[in-house]
Amino acid sequence: MVYVWMFLVFIGSFFIGVWGFCQIVGSIQQAAVRGPVLTTITISIWSIILVATAIAVHCWLYDYRIAYYIGTAIGLLGTLRAGKIE
């Protein structure tokens with residue numbers, strides 16, 4: 001059962017990481033179009049979500065924190081490799 005929970009934490013953190021980091025990177029890339037206020041709001045919201053997820057894992061799923069870190073790191077690396085390059 002430990003491996004099932006570890007896998008679920010990994011998959012969940014991967015998807016939250018990919019979604020959140022894509023929102024942050026996309027907002028930065030489109031800052032000239034969106035404006036500084038919307039860019040700041042989007043980055044702030046997704047940063048809060050990512051930090052809250054990390055805190056939740058440390059409070060309630062401490063034994064699976066390594067799976068969380070690995071999933072989030074893979075999500076970040078995948079986000080940095082993809083994207084608009086001008």
Side-chain angles (χ1 to χ4, degrees):
M1 192 66 179
V2 170
Y3 293 113
V4 172
W5 277 104
M6 193 171 292
F7 180 73
L8 291 175
V9 169
F10 171 78
I11 293 297
S13 66
F14 174 75
F15 283 118
I16 290 173
V18 166
W19 193 271
F21 291 127
C22 281
Q23 292 293 322
I24 291 171
V25 171
S27 293
I28 292 169
Q29 289 176 345
Q30 297 297 320
V33 176
R34 297 183 51 170
V37 174
L38 285 177
T39 302
T40 304
I41 290 171
T42 302
I43 291 171
S44 298
I45 288 171
W46 280 103
S47 296
I48 290 168
I49 291 171
L50 290 170
V51 168
T53 305
I55 290 170
V57 168
H58 277 271
C59 288
W60 295 299
L61 301 170
Y62 187 77
D63 294 338
Y64 309 108
R65 70 190 182 281
I66 301 302
Y68 169 78
Y69 291 140
I70 292 170
T72 305
I74 291 172
L76 175 63
L77 292 176
T79 300
L80 293 177
R81 288 185 308 144
K84 182 175 139 181
I85 300 173
E86 291 187 40

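Count residues from 1 along the sequence.
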With sequence neighbours left out, what residues match Tyr3 under ring pair (Phe, Tyr, Trp, His ring centres under 6.0 Å)? none

Only distances under 3.5 Å count here; give the side-chain donor-acceptor pairs of residues 41-56 to other protein atoms, sequence neighbours excluded, each with its distance to 0.1 Å.
residue : atom : partner : partner atom : Å
Thr42   : OG1  : Arg34   : NH2          : 2.8
Thr42   : OG1  : Leu38   : O            : 2.9
Ser44   : OG   : Thr40   : O            : 2.8
Ser47   : OG   : Ile43   : O            : 2.7
Thr53   : OG1  : Ile49   : O            : 2.7

Separation of Arg65 CZ from Met6 CE (nearest 0.5 Å): 10.0 Å

Would you be so kind as to tabulate the donor-acceptor pairs closer than 3.5 Å made by side chains of residues 11-23, with sequence neighbours excluded?
residue : atom : partner : partner atom : Å
Ser13   : OG   : Val9    : O            : 3.0
Ser13   : OG   : Phe10   : O            : 3.0
Ser13   : OG   : Tyr68   : O            : 3.4

Can Ile24 be reached from Tyr69 by stepping across I, L, V, M, F, W or Y side chains whose heavy atoms are under 4.5 Å apart? no

